2 protein chains.
Amino acid sequence: MVVAKSNNLSDSLEDYLEDIFNLEGKSDVARSKDIAKLLGVAKPSVTGALKLLAKKGLVNYRPYGYVTLTDSGVAEAARVAGKHNIIKSFFVNILGVDAKVAQEAACKAEHALGPAIISRLLDFTDFITRTNGSGSDLADKFKRFRKRQHRINK
Amino acid sequence: MVVAKSNNLSDSLEDYLEDIFNLEGKSDVARSKDIAKLLGVAKPSVTGALKLLAKKGLVNYRPYGYVTLTDSGVAEAARVAGKHNIIKSFFVNILGVDAKVAQEAACKAEHALGPAIISRLLDFTDFITRTNGSGSDLADKFKRFRKRQHRINK
DNA sequence: TGACAAAGTTAGGCGAGACTAACTATAATT
DNA sequence: AATTATAGTTAGTCTCGCCTAACTTTGTCA
């Protein structure tokens, strides 16, 4: 089930873009080797992806040179990274999922959820994080609820 | 980013399995033509998938014969379909997402979310659906919250 | 029961995205 | 500055999942 995207970017290319974005944020520059390591792919795979992204005008690529995002590359990457954070935040802060598990699941789910759902998920996380009438945080309430539900397994 | 799965089933094969499961539920039998239609693929793709699933012992397949799930096929398919329903239910009943959008997103997200997250999502949907102290359903509260948040766009 | 329609299969091919092996360019060290 | 290590690229291959065209089997109906 390969899905046509409006932005014409495959899941794979979105991942590259996102990682370049994160690397730029950390060290102002993305090195091919680091991209490969972060994504868990071999170096030639990175070269191939960079060429594709360059053709789409999303990265500035020159053989043996440093990699930077173009303006539209930054925009695209930020969109993907934003999804990632919204999803991960929901998993961690609301569902109480382990950070590492949440991180990995968010990596995959970010390609599955469109703007309608992402927007609602963001609002919902915001909503549920707030203190409600009872003066007790709902995420905490849920943790206790879940503990009760599963006490038989503990 | 192709992901290794513990069950050794690709996203694609999980989709076939799930659709066969649903077709069996409706008419006791899955016809190749209907699988193709449901998944939006050409008929030869179905033949190929059925052979793979048969090799894994998940479907009973004979050329030109009807397709049924084996016991382990049912188990696998039920697991996937279960995920699907939990995710869709959260989208629709909690986030208030349109049913069609939720359906499609769930189709993709079901491959992204592992048991730790699914289990919590199920509990959470259960939890949040219940009436809380204020006597008002939280999903409803969220709808109002969201309406307030976005009233500027309306 | 024979002809035709519908369903399913086979054969061959294509693109995406990964890999390894071998090569080239850049950087670092002395 | 020459050597060596590291980074990056090229070339070629593989698998997966899809496709179309052509063929075979099964079902229907006059």
Side-chain angles (χ1 to χ4, degrees), chain A residues 1-20 23-24 26-56 58-68 80 107-108 110-112, chain B residues 1-20 23-24 26-56 58-68 80 107-108 110-112:
Chain A
M1 181 196 57
V2 172
V3 178
K5 297 222 168 170
S6 55
N7 56 24
N8 220 20
L9 274 181
S10 66
D11 290 1
S12 172
L13 287 186
E14 282 191 350
D15 286 337
Y16 281 99
L17 213 52
E18 192 183 0
D19 278 357
I20 295 167
L23 285 170
E24 268 194 9
K26 233 188 288 183
S27 44
D28 279 351
V29 70
R31 294 208 321 280
S32 191
K33 173 198 157 84
D34 298 324
I35 301 170
K37 184 167 190 185
L38 217 55
L39 258 89
V41 300
K43 289 178 293 168
S45 306
V46 177
T47 304
L50 290 177
K51 285 179 176 174
L52 290 174
L53 291 171
K55 199 178 295 179
K56 291 172 184 294
L58 299 169
V59 304
N60 301 116
Y61 169 72
R62 276 191 355 179
Y64 301 101
Y66 286 135
V67 180
T68 54
V80 178
C107 279
K108 301 183 210 161
E110 73 199 16
H111 307 295
Chain B
M1 182 197 56
V2 173
V3 178
K5 296 224 168 166
S6 55
N7 57 25
N8 219 20
L9 274 181
S10 65
D11 290 1
S12 171
L13 287 185
E14 281 191 354
D15 286 336
Y16 281 100
L17 213 51
E18 192 183 0
D19 277 356
I20 295 167
L23 285 169
E24 268 194 9
K26 233 188 287 184
S27 44
D28 279 352
V29 71
R31 295 208 321 280
S32 192
K33 172 198 159 81
D34 297 324
I35 302 170
K37 185 168 189 184
L38 218 54
L39 259 93
V41 300
K43 289 178 292 169
S45 306
V46 177
T47 304
L50 290 177
K51 284 179 176 174
L52 290 174
L53 290 172
K55 200 179 295 180
K56 291 172 185 294
L58 298 170
V59 303
N60 301 115
Y61 169 72
R62 275 192 356 180
Y64 301 101
Y66 286 137
V67 180
T68 54
V80 178
C107 278
K108 301 183 210 162
E110 72 199 16
H111 307 296

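Just the heavy atoms: all of them, side chains too, but no hydrogens, waters or symmetry mates, feed the values below. Everything numeric here is computed off the predicted structure, so don't read it as measured data. Protein chains get the first letters and strands the later ones, always in sequence-line order, with residue 1 at the start of each.
- Dashed line: the shortest gap from a side-chain N or O of Tyr16(B) to OP1 or OP2 of dC16(D) is not under 4.0 Å.
- Spacing between atom CD1 of Ile20(B) and atom P of dG8(C) amounts to 12 Å, rounded to whole angstrom units.
- Here the P atom of nucleotide dC18(D) and the CG atom of Leu52(B) are 10 Å apart, to the nearest Å.
- Residue-level contact check: Ser32(B) touches the backbone only, with heavy atoms under 4.0 Å from sugar-phosphate atoms and none from bases.
- In terms of phosphate contacts, Tyr61(B) brings a side-chain nitrogen or oxygen within less than 4.0 Å of OP1 or OP2 of dT9(C).
- Residue Thr47(B) places at least one side-chain N or O under 4.0 Å from the OP1 or OP2 atom of dT9(C).
- Taking each heavy atom of Cys107(A) and Asp15(A) in turn, the nearest pair found is O-OD1, 4.2 Å.
- When the C1' atom of dA27(C) is taken as reference, atom CZ of Arg31(A) falls 11 Å away, rounded to whole Å.
- In this structure, Tyr66(B) atom OH and dT9(C) atom P are separated by 13 Å, rounded to whole Å.
- Residue Tyr64(A) contributes atom OH, which lies 4 Å from atom C1' of dT24(C) at whole-angstrom precision.
- A straight line from CG of Asp15(A) to P of dG17(C) spans 10 Å, rounded to a whole angstrom.
- Of the two residues near DNA chain C, Pro63(A) and Asp34(B), the one whose nearest nucleotide lies more 5' is Asp34(B).
- Of all nucleotides listed (dA18(C), dC18(D), dT10(C)), dA18(C) comes nearest to the side chain of Ser12(A).
- For Lys43(A), whose side chain is taken as the heavy atoms from C-beta onward, the closest listed nucleotide among dT20(C), dA18(C), dA7(D) is dA7(D).
- Using a 4.0 Å heavy-atom criterion, one finds that Gly40(B) contacts the sugar-phosphate atoms exclusively.
- Atom CG of Asp11(B) and atom P of dG17(C) are 14 Å apart (whole Å).
- Distances shorter than 4.0 Å separate none of the side-chain N or O atoms of Ser45(A) from OP1 or OP2 on dG17(C).
- For Asn8(B) and dC16(D), the CG to C1' distance is 13 Å, given to the nearest whole Å.
- Between Leu9(A) and Val80(A), every side-chain heavy-atom pair lies at or beyond the 4.5 Å cut-off.
- For Ala42(B), taking side-chain heavy atoms from C-beta onward, the closest of the listed nucleotides dC19(D), dA18(C), dG8(C) is dC19(D).
- Distance from the side chain of Lys33(A) is smallest to dG8(D) among dA21(C), dG8(D), dG17(C).
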